[in-house]
Amino acid sequence: MDDLSKSSMKFFSDQQLCFADILLPHEVQARIQVAVLNFLKILSSPDPAISDLPLINRKSSNSRVSEGILTDVSWIFLSHSFCSRSLMKANATKAFIRVWKVMEMCFEFLTQEKRVTQRELFYKLLCDSPHHFSSQLQVNRTIQELCAKDVVALLRCSRYSLGIMASSKGLVAGRILLQEPNQEAVDCSACGSSGYAISGDLNLLESLIMKTDARYIVVVEKHAIFQRLAEDHVFNQIPSILLTAKGYPDIATRFLLHRMSRAFPDLPILALVDWNPAGLAILSTYKFGSIGMGLEAYRYACNVKWLGLRGDDLQLIPQQSLAPLKPRDLQIARSLISSTTLQDNYRQELAVMMQSGQRAEIEALYFNGYDYLGKYLAKKIVQANYI
């Protein structure tokens, strides 16, 4: 396996930290061509063989946490441990072929100067290669969990550089003006409870002109809570920007939040999530990134603070509003406990959850009245009660 790191793909690596480059279409095409030529070279050699594909290992054992000296932002990164896709193992043959099919498709899109969503890529693969992509579920898993990330790991370039656009579900509301190139500025405080829809085009998000007089950025886990806060104009009571990805964050929402953190470095970023392992996992994804996208995590990580719900908020919630932890909660909790990214005070909160065997949702605060949520936020923010 060590030989893989010394292969002709080595010029995509640095000393310790592995990352995915942002490349122009012709640069991505060049890397695809190099991979194909190397594969053909081995096949046509005097001692031909089907070579394995050298991929950066995306398992937790290969992840590290980078803590910047001149910044408060930490992120997950992958070090130089390689794994491979083989054509010689029966259970890996289709996975091996799928990697090449996705690269072929990406090369075609880049040649046509087009970008596709993951959904569009799914249908194209399903039509062109039904023997290798036989069902929607299989294709979704392949693209999300296998091929797209494997191609990123092989070519060492971002998904967006491959021509795969993020399908965004994120929204923004509050005290910020967003202006797309050659368009009028959008006042997000006037967008109502529906908010401003975040584009999946990362180039567009990078080119946004942003202006704000807010003092805080509040990341909200749930769409319904976001709507309530936007409808109540909480961002005027506490000058703030509201952002949600309606659950686990997509790439585009994380990218825009990271852009805001760069454009407005003095604004604290505060997260409002459920008091359960999933809520903490969502917060951690915003804060550190994910192992699955470890090659790109540094591009989206932000110094997010945990505003609520936390253990000391349970006194505000009636006992009957608490629910027992589900098996899925326990699975997420075990994953978080084994993670090297989780800081001590977050581990303590998680330990309290596990010991109590209970979970609490943000909506439980409505016990104190529908207007209480804004008061809760205001009090916590004014008291700087976040970790």
Side-chain angles (χ1 to χ4, degrees), residues 4-15 17-44 51-56 58 77-78 80 82 85 96-125 127-129 133 142-144 146-168 180-182 199-208 251-252 254-256 258-259 293-300:
L4 292 174
S5 62
K6 300 175 183 177
S7 71
S8 58
M9 307 300 286
K10 66 183 178 183
F11 58 85
F12 300 149
S13 303
D14 65 4
Q15 293 285 319
L17 186 150
C18 288
F19 58 90
D21 299 322
I22 298 178
L23 301 176
L24 296 173
H26 74 273
E27 294 173 318
V28 179
Q29 288 175 308
R31 292 194 178 185
I32 293 174
Q33 289 168 334
V34 168
V36 172
L37 288 172
N38 286 340
F39 183 73
L40 294 176
K41 181 180 178 181
I42 295 171
L43 279 181
S44 60
S51 62
D52 292 348
L53 292 178
L55 308 173
I56 300 297
R58 294 191 310 274
F77 72 90
L78 301 179
H80 285 277
F82 286 77
R85 289 274 177 257
F96 181 97
I97 295 172
R98 286 171 191 152
V99 172
W100 289 106
K101 293 301 295 184
V102 170
M103 278 200 291
E104 177 190 14
M105 206 63 66
C106 290
F107 191 94
E108 180 182 330
F109 291 136
L110 292 171
T111 300
Q112 297 173 3
E113 299 183 347
K114 294 187 180 296
R115 295 192 177 277
V116 297
T117 63
Q118 196 161 278
R119 184 73 171 170
E120 291 169 328
L121 182 58
F122 148 59
Y123 280 111
K124 184 66 174 173
L125 289 167
C127 293
D128 284 17
S129 306
F133 300 90
T142 298
I143 295 172
Q144 292 173 5
L146 179 62
C147 272
K149 292 177 183 176
D150 276 355
V151 173
V152 168
L154 174 65
L155 300 178
R156 300 292 299 280
C157 64
S158 68
R159 287 162 57 106
Y160 193 74
S161 297
L162 286 167
I164 302 174
M165 281 197 307
S167 296
S168 178
E180 298 177 7
N182 304 315
S199 170
D201 187 337
L202 302 191
N203 281 343
L204 178 63
L205 296 181
E206 183 63 47
S207 64
L208 281 177
I251 295 172
R254 289 164 58 191
F255 183 90
L256 181 59
H258 185 261
R259 263 225 69 202
M293 292 192 63
L295 293 173
E296 302 182 69
Y298 72 96
R299 198 170 289 123
Y300 311 112

Atom pair [atom1] ([X]) and [atom2] ([Y]), whose distance is rounded to the nearest 0.5 Å:
X    : Y    : atom1 : atom2 : answer
K101 : L121 : NZ    : CG    : 11.5 Å
T111 : H26  : OG1   : NE2   : 13.0 Å
L162 : R115 : CG    : CZ    : 9.5 Å
E104 : S129 : CD    : OG    : 7.0 Å
L256 : I251 : CG    : CD1   : 14.0 Å
R98  : M105 : CZ    : CE    : 13.5 Å

- Message: According to side-chain contact (heavy atoms from CB on, under 4.5 Å), who are the partners of E206, at least two apart in sequence or on a separate chain?
- Response: F255, R259, R262

- Among all residues two or more places apart in sequence or in another chain, which pass the side-chain contact (heavy atoms from CB on, under 4.5 Å) test with T117? R119, E120, M165, S167

Restricting to non-hydrogen atoms, name the atom on [X] and the atom on [Y] that form the minimum distance, rounded to 0.1 Å.
X    : Y    : value
C106 : I164 : SG-CD1, 4.2 Å
F109 : K124 : CZ-CG, 4.1 Å
A252 : S199 : CB-O, 3.4 Å
D201 : N203 : OD1-N, 3.0 Å

